[in-house]
J.: 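Below you'll find the structure I mean.
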Amino acid sequence: MNEEQPAYDTYRRQMILPGFGQAAQDKLAAARVLVVGAGGLGCPVLQYLAAAGVGHLGIADGDVVNHSNLHRQVLYSTADVGQPKAQVAAARLQAQYPHLTLSAIAETWTAAHCVAHIDAYDVVVDGTDHFGSKYMLNDACVLFGKPLVYGAVSQWQGQVAVFNASLPTGGRSAHYRHLFAQPPAAGTVASCEEAGVVGMLPGIIGSMQALEVLKLLTGLGEPLYNQLLTYDAARQTFYKVKLPTDVGAVPDMPASTAALLQWNYDDACAPSDQSSLSVDAATALEWIARGAVLIDVRELDELPALQAGTVQRLPMVLALEKTEWEGEAMLLFVCQRGQRSMQVAKRVKELYPRRKVGSIRGGVVAMLAQPHAK
Amino acid sequence: MEILVFGQLTDVLQTSRLSWPEVADTDTLRQQLLEAYPALAQHSFLVAVNQQMISSNTTLVPGAEVALLPPFSGG
């Protein structure tokens with residue numbers, strides 16, 4: 001926090017826009033925006049909102065910077081690898097914009113964080129990279145009555161929408177569960193880690209999210225209410241779909257903060273037919289103590305590294321090709337979040353139906369949250 | 001009619017755009033697509049007709065444009 005206020009001169013080019021003026025600029029200066037996920041989407045959202053003069057930014061991200069982030073997460077440099085993203089992002093933005101107030105939350109985002117933080121912000125931005133987090137954030141914003149600027153990317157395409165915003169005509173805009181009532185089954189939608197993403201795409205989608213935030217805060221323009229915008233970077237095309245405006249209640253979502261805290265978002269993507277392979281982090285430590293072989297199927301440079309017992313590293317692509325798994329020891333697979341490891345566990349179980357095989361639910365993120373894992 | 005295919009559904013249908021014989025409604029279309037592309041059953045997606053998301057069976061007028069949009073998880 002710095003007492004120094006920037007001169008309006010900094011914002012002249014946007015303030016001279018018809019209808020913008022000092023009034024809109026003052027609204028930005030008074031605004032508090034929470035950005036959950038400081039990755040491919042979060043970086044441009046944070047950079048453009050800071051540059052536009054938003055007064056307070058919350059930055060939540062529990063990950064550290066990886067080499068594989070740098071092609072699209074342009075707030076970070078090679079020297080930052082291994083450092084917490086939330087803190088690096090906050091330090092970089094603070095240096096660039098001394099007047100900006102920042103709150104860095106360098107922890108894995110949970111329902112408890114939703115309850116503790118969301119109510120203190122005017123707008124929430126979805127920069128997460130995981131279905132469980134996207135549904136949790138959506139449900140929390142509905143409970144707390146906050147607008148959620150949604151964004152998501154995959155390979156060459158991205159989506160943007162403004163969920164649960166107060167409409168000028170009364171009521172609220174549609175939210176994520178009106179589009180997709182429940183998370184997809186695990187393994188049916190590949191993440192960026194698995195499917196790849198072109199680096200400029202989250203830059204474009206994140207910039208559009210920042211633009212939607214600016215419109216919400218100033219009242220200018222027409223936010224993407226009740227619409228899903230899809231952008232195809234390969235063809236440079238936009239496709240807008242109108243969402244039903246008579247949006248009713250969605251039955252299967254938490255109806256109170258108590259229910260939100262109890263809701264199982266980790267398993268939200270895991271259908272029951274895979275539960276026999278899914279092992280929670282605490283049970284995983286017991287397996288390891290009983291001699292299970294722990295195999296990390298993330299890419300070799302992915303962080304944080306695991307030090308629980310002996311860890312072998314074998315990236316998913318190679319693990320899926322491997323047809324012989326020597327010995328009889330239990331095989332326990334782990335990745336960042338538990339999706340890639342589940343794919344490998346299923347493949348190995350097909351090869352060895354009688355062998356004890358598991359995939360750690362919630363991945364390294366869940367393991368490091370265990371008191372004895374480090 | 002034209003069918004626009006988004007995201008990783010293009011891997012299932014092997015294209016991002018295809019022409020399809022006219023059918024009466026979206027339930028019939030869904031059934032035909034599932035028969036032609038059984039792997040589609042494992043995917044969740046929303047269906048839009050002429051850029052309007054539908055939530056129940058909808059009559060398809062000749063020349064309708066149907067879009068199949070899956071959720072994306074990346075950030």
Side-chain angles (χ1 to χ4, degrees), chain A residues 36-42 126-135 151-159 174 176 178-185 187-197 201-202 205-206 226-228 230 232 234-235 237 239-244 246-247 269 337 339, chain B residues 1-20 23 25-27 29-31 33-75:
Chain A
V36 181
L41 295 173
D126 179 357
T128 66
D129 60 358
H130 181 243
F131 280 120
S133 306
K134 290 191 182 295
Y135 279 87
V153 291
S154 178
Q155 298 188 325
W156 293 82
Q157 295 181 353
Q159 298 171 334
Y176 198 37
H178 291 117
L179 276 71
F180 304 106
Q182 298 301 326
T188 60
V189 180
S191 68
C192 289
E193 291 156 3
E194 295 153 355
V197 61
L201 177 66
I205 298 296
N226 295 325
Q227 298 170 82
L228 176 69
T230 302
D232 182 346
R235 296 175 187 80
T237 53
Y239 195 76
K240 259 194 205 177
V241 169
K242 285 184 195 153
L243 308 176
D246 55 340
V247 290
C269 301
R337 297 277 189 177
Q339 293 186 10
Chain B
M1 61 191 294
E2 292 291 309
I3 303 175
L4 305 182
V5 187
F6 288 87
Q8 288 163 28
L9 294 182
T10 55
D11 295 341
V12 177
L13 277 74
Q14 295 292 308
T15 182
S16 60
R17 185 178 197 115
L18 73 163
S19 295
W20 198 262
V23 292
D25 54 41
T26 51
D27 277 2
L29 176 63
R30 183 185 288 265
Q31 193 54 44
L33 285 171
L34 286 171
E35 283 166 17
Y37 306 97
L40 201 57
Q42 293 166 18
H43 293 264
S44 72
F45 53 91
L46 68 81
V47 177
V49 176
N50 293 331
Q51 297 190 266
Q52 171 74 54
M53 177 184 164
I54 59 159
S55 44
S56 58
N57 192 25
T58 300
T59 303
L60 289 168
V61 296
E65 180 185 78
V66 175
L68 312 178
L69 295 134
F72 297 165
S73 71

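From a predicted model like this one, the values you see are computed outputs, not experimental measurements. So that the names make sense, note that chain A is the first sequence line, chain B the second, and so on, each numbered from 1.
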J.: Considering only distance and modelled atom types, tabulate donor-acceptor pairs under 3.5 Å from the side chains of residues 54-63 of chain B, sequence neighbours left out.
T.:
residue	atom	partner	partner atom	Å
Asn57(B)	OD1	Thr26(B)	N	3.3
Asn57(B)	OD1	Thr26(B)	OG1	3.1
Asn57(B)	OD1	Asp27(B)	N	2.8
Asn57(B)	ND2	Asp25(B)	OD2	3.4
Thr58(B)	OG1	Ser56(B)	O	2.9

J.: Nearest heavy-atom pair of Val241(A) and Met53(B): which atoms, and what distance?
T.: CG1-N, 3.5 Å
J.: OG/Ser73(B) to CD/Gln339(A) distance, rounded to the nearest 0.5 angstrom?
T.: 6.0 Å
J.: Indicate the atoms forming the closest heavy-atom contact of Gln52(B) with Lys242(A), along with that distance.
T.: NE2-O, 3.4 Å
J.: Mind checking the CG-CG spacing from Leu228(A) to Leu69(B)? Nearest 0.5 Å is all I need.
T.: 6.5 Å
J.: So what's closer than 4.5 Å to chain A heavy atoms on Pro71(B): side chain, backbone, both or neither?
T.: both
J.: What residue, out of Ala48(B), Gly7(B), Ser44(B), Pro70(B), has the most heavy-atom pairs lying under 4.5 Å from chain A?
T.: Pro70(B)
J.: Okay, side chain of Gln157(A), backbone of Gln8(B): is any donor-acceptor separation there less than 3.5 Å?
T.: no
J.: Tell me whether the count of non-hydrogen atoms from other residues, nucleotides or ligands lying under 6.0 Å of CH2 in Trp156(A) goes above 12.
T.: no
J.: Any chance you could measure Leu243(A), atom CG, to Leu46(B), atom CG, to the nearest 0.5 Å?
T.: 7.5 Å
J.: Are the side chains of His43(B) and Pro184(A) in contact, using a 4.5 Å heavy-atom criterion?
T.: no
J.: Tell me the closest heavy-atom pair linking Phe72(B) and Tyr176(A), and the distance in Å.
T.: O-OH, 4.2 Å
J.: Which atoms of Thr128(A) are under 4.5 Å from chain B, going by heavy atoms: the side chain, the backbone, both sets, or neither?
T.: backbone
